[in-house]
Amino acid sequence: MSSFFLTTAIDYVNSRPHLGTAYEKITADVIARYHRLKGDGTWFLMGNDEHSQNVFKRAQEQGKDPLAYCDEMEQIFREVWRGLDISFDDFIRTTDRRRHFPAVQRMAQACLDNGDIYEGTYEGFYCVGCEEFKPEKDLVDGLCPIHKTKPEWIKEKNWFFRLSKYQQPLLKFYEEHPSFIEPEVRRNEILRFVEGGLEDLSMSRAGQSWGIPLPFDPTSVVYVWFDALINYAAAAGYGWDDAQFARRWPANLHIVGKDITRFHCVIWPAMLMSAGLPLPGQVFGHGWVFFKGERMSKTMGNIVDPLDAAKRFGPDPLRLYLTKEVVYGADGDFTWERFEEKYNADLANNLGNLVNRVAAMSERYRQGRLLARGGESLATIAADATSAYRKAMDGLALHEGVAAAYRLISAANEYIAETQPWSLAKDPAKAEQLSGVLYDASEAVRIAAVLLLPVMPSSAAEILRRLGDTTAPGNLRFDTAAAWRASGERGILNAGALWPRLEDKGAITVSETTPTAASGSPAPAPAAPAAPSAPVAPPAPDAPAIDSDKITIDDFMKVQLKVAKILEASNVPKSKKLVQLKVDVGEAEPRTILAGIAESYQPEQLVGRTIVVVANLKPAKLMGIESNGMVLAASPEGGGALLLNAEPAVPGTRVR
RNA sequence: GCCGGAGUAGCUCAGCCGGUUAGAGCGAGCGUCUCAUAAGCGCUAGGUCGGCGGUUCGAGUCCGCCCUCCGGCACCA
């Protein structure tokens, strides 16, 4: 028996998980369950990332102790994961003092001992707004690019990780382990990034309490990225249980979003090299699941709560949709319309109906008793599907694995149409043939259910139960379970529709803006019998405290907004986003302002428009041109810009 | 701008090292069985395979240029 240790990224606990977060966990869970089915000693790790200043702030805003806040969030996360049938074996939090603290401290010490952590008196620009140091190259005209404030020059004791030292070792490692980074797109990105040279990284913060103290400098805490990555080793036992760690480490697979592959493919391996530890087998950077083609975001109000689907149908239809419809590694799209379509086609019409008709005929013609036989055409198709499935799943082509299972389901439906058991039943001379046909059909369904076990655990188990397989799903082993059974007798249970069809187009109506609100629509279908017994009823989480983000009228008045008329506009050479504007702000001389709207507007569309600008912004230089102000534009999440129209106000007019 | 990836039927996508009438699933239309959840099964879809040029006996499939989209980096004040 081989072992398989896989992880997902640990999540920030700023808000409850949305569909995108759930997608990562669901696919990882499918992989984990697949390995368990194969008989691998599987260890599936998840967790929360809590030592972030944002978390600390969010807790303060709500007047809570940060740890208490994290405790609450953990319950919310676990609730969602339970609702989606995520079968993690371990859940670690970075505030875990028993496991995570010693691991982080051990690793920091190990890196130090290896000469890869050094002290620097960080003399640098510190932006109070960001609560972080700003590299000089990120400053624009000496100002924080985000807060437009002048960062303070701070001299702080700071520890650095010698990442630069690992450029060559990393490149060598990538070369020797071509499948370390998947999919290939991500690999190419990382290769180019590392080839471009690596800089040392600050890995500590001074004078903070929210974090893990450095063993060799208790006045500093470990910076979040260094802290967070170590969770994988911490859960395995690093720093607190060497025997367990030796058994479990290294991880076979890190499942992460494509946005953080760099951390996992560059920094994390470098840290492990420094600490003298084996490197993980593979990092897989999955894509995003969009909603109606757009990135989900709170500001867009298009967050899909994964539990909205799970509450109605159980987690399985959603799990199936996400693994079958999205090419694993690429971006995908979720819409309720599509979800409903797939639900009807894949579950109600094909699999569910198939189970039903096989069970109904078995009951009617054979009182639910079927005798095994060798099988004919279907046995061959099942064998093909099984090997295609296995190959796909081993290569993390989850969508192809599911497709293979569905080929078998289709074949079974076709087989029934061809053999026409109902006709055979009319002729007593064909009794034996009828028995064989029914058995073959049931056997094909049984094998398909085995293949779908990782994707739809409870539904597949329910199908197996109806087909008379009394083995506990956890005890099934792929090699024997997915093989055609040529002997024995089985009792078939006819127990009604697993997935009732959704009849009305648009039957699923879900509030998109208030993810936790109960939908007022009549429930289109009862929850599948195979759904977990405990319906998920997430507690309403505390609304994010927005109040403390509010500013006073005085704050606002610091910003001088003025009406301006665009006199000239031209694209900035060699720039994709910048447009150079000459605007009349009611002053003696027109101003030059740069705006990042070149992707949305042609210069000629701009001339003559009356817009709103920030008039008292400090000048900044961009692409060698000085900009004296900023134009206001709506910037949708998906990109682009929409200038605010100030027609017909006169240039120079104050806006407030 | 640089570096990657992609542009194939209404939708989502397969098409390996170039080779007969370019495929699948979903949706739609038509037909049909009746065991089944008005499900299943069969047939139909006439798509300039982004555009132009080239290599070749022959190109979605290779080469060049162009257009569009996506991602990464560099300027989104």
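Reminder, nothing fancy here: chain letters follow the sequence lines and each chain counts from 1.
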**Lys/Arg N to Asp/Glu carboxylate O, A:E400 vs A:K391, below 4.0 Å** = no

**Asked** If you look at every strand shown and take non-hydrogen atoms under 4.0 Å, does A:L354 touch a base, only sugar-phosphate, or nothing?
**Response** nothing

**Message:** For A:Y343 and A:F339, take the angle between the two ring planes, folded into 0 to 90°, and tell me which bin it lands in: parallel under 30, tilted 30 to 60, perpendicular over 60.
**Reply:** tilted

**Request:** Name the nucleic acid region contacted by A:Y365, choosing base, sugar-phosphate or nothing; use a 4.0 angstrom heavy-atom cut-off, strictly under.
**Result:** sugar-phosphate

**Prompt:** Between A:R186 and B:G5, is there a side-chain N or O to OP1/OP2 distance below 4.0 Å?
**Reply:** no

**Item:** Selection from B:U37, B:G40, B:C3 that lies nearest to any side-chain heavy atom of A:R192
**Value:** B:C3

**Syn or anti conformation of B:G60, syn meaning chi within 90° of 0** = syn

**Request:** Determine whether the side chains of A:S377 and A:Y415 contain a donor N or O and an acceptor N or O closer than 3.5 Å.
**Result:** no

**Prompt:** Would you call A:R446 and A:E443 a salt bridge, using N to O less than 4.0 angstrom?
**Reply:** yes

**Prompt:** When you measure from the centre of the six-membered ring of A:F180, is the NZ or CZ of A:R187 under 6.0 Å away and within 45° of the axis?
**Reply:** no

**Asked** Between B:G4, B:U37, B:U34, which nucleotide gets closest to the side-chain atoms of A:N188?
**Response** B:G4

**Asked** Side-chain N or O of A:R501 less than 4.0 angstrom from OP1 or OP2 on B:A39?
**Response** yes

**Request:** Mind checking A:N356 for me? I need base, sugar-phosphate or nothing, with any heavy atom below 4.0 Å counting as a touch.
**Result:** base

**Message:** Side chain of A:A348 only, heavy atoms from C-beta on: which candidate in B:C75, B:A36, B:U37 is closest?
**Reply:** B:U37

**Message:** If I pick the C1' atom on B:A22 and the same atom on B:G46, what distance separates them, to the nearest angstrom?
**Reply:** 12 Å

**Separation of B:A14 C1' from A:Y328 OH (nearest whole Å)** = 21 Å

**Item:** Side chain of A:E414 (C-beta onward), nearest among B:C41, B:G4, B:C26
**Value:** B:C41

**Request:** Considering only atom C1', compute the distance from B:G51 to B:U32 and round it to an integer number of Å.
**Result:** 45 Å

**Request:** Identify, between A:S423 and A:I409, the residue whose nearest nucleotide on RNA chain B lies closer to the 5' end.
**Result:** A:S423

**Complete:** From the candidates B:U34, B:C26, B:U37, the one with an atom nearest any side-chain atom of A:A345 is B:C26

**Prompt:** Do the side-chain N and O atoms of A:D316 and A:S458 include a donor-acceptor pair separated by under 3.5 angstrom?
**Reply:** yes

**Request:** Take atom C1' in B:A6 and the same atom in B:A45, then report the distance between them in whole Å.
**Result:** 26 Å

**Message:** Using whole Å, what does the distance between atom P of nucleotide B:C2 and atom CZ of A:F193 come to?
**Reply:** 22 Å

**Fill in**
Considering only heavy side-chain atoms of A:R262, the closest of B:C75, B:C35, B:G72 is B:G72

**Request:** May I ask you to say whether A:K258 pairs ionically with A:D331, meaning some side-chain N is under 4.0 Å from a carboxylate O?
**Result:** yes

**Message:** I'd like the C1' distance from B:U68 over to B:G23, given in whole Å.
**Reply:** 25 Å

**Request:** Send over the distance from A:F339 CZ to B:C26 P, rounded to a whole Å.
**Result:** 18 Å

**Message:** What contact category does A:A359 fall into here, base, sugar-phosphate, or nothing, at under 4.0 angstrom with non-hydrogen atoms?
**Reply:** nothing

**Asked** When the P atoms of B:U12 and B:C73 are considered, how many whole Å apart are they?
**Response** 27 Å

**Item:** Spacing between A:E189 atom CD and B:G72 atom P, to the nearest angstrom
**Value:** 7 Å

**Message:** With nearest nucleotide decided by heavy atoms, which residue, A:K342 or A:K426, maps closer to the 5′ end of RNA chain B?
**Reply:** A:K342

**Asked** Between B:C35, B:G71, B:G4, which one does the side chain of A:K258 approach most closely?
**Response** B:G71

**Asked** Nearest-Å distance, CD (A:E418) to C1' (B:C41)?
**Response** 9 Å

**Request:** Quickly work out the A:Q420 CD to B:A36 C1' distance and round it to whole Å.
**Result:** 14 Å

**Prompt:** For atom P, what is the distance between B:C57 and B:C69, given to the nearest Å?
**Reply:** 38 Å

**Fill in**
Writing each nucleotide of RNA chain B 5' to 3' as (, ), [, ], | or . by Watson-Crick or G-U pairing under 3.5 Å yields (((((((..((((.....[...)))).(((((.......))))).....(((((..]....))))))))))))....

**Prompt:** Which atom pair, heavy atoms only, marks the closest approach of A:A404 to A:A388?
**Reply:** CB-CB, 4.2 Å

**Selected nucleotide, minimal atom distance to A:W422 side chain, candidates B:C33, B:C41, B:G4** = B:C33

**B:C13 to B:G50 separation - P atoms, rounded to the nearest Å** = 15 Å

**Item:** For atom CG of A:N353 and atom P of B:A36, their distance in whole Å
**Value:** 10 Å

**Fill in**
Side-chain contact check for A:N349: nearest option of B:A39, B:G25, B:C35 is B:A39

**Request:** Could you state the atom-to-atom distance from CG of A:L191 to P of B:G72 in whole Å?
**Result:** 17 Å

**Test item: side-chain donor near acceptor, A:R501 and A:N349, under 3.5 Å** = yes

**Message:** What's the gap between B:G71 and B:C30 when it is taken at their P atoms, as a whole Å value?
**Reply:** 41 Å

**Prompt:** Thinking salt bridges, do A:E182 and A:R186 make one under a 4.0 Å N-O criterion?
**Reply:** no

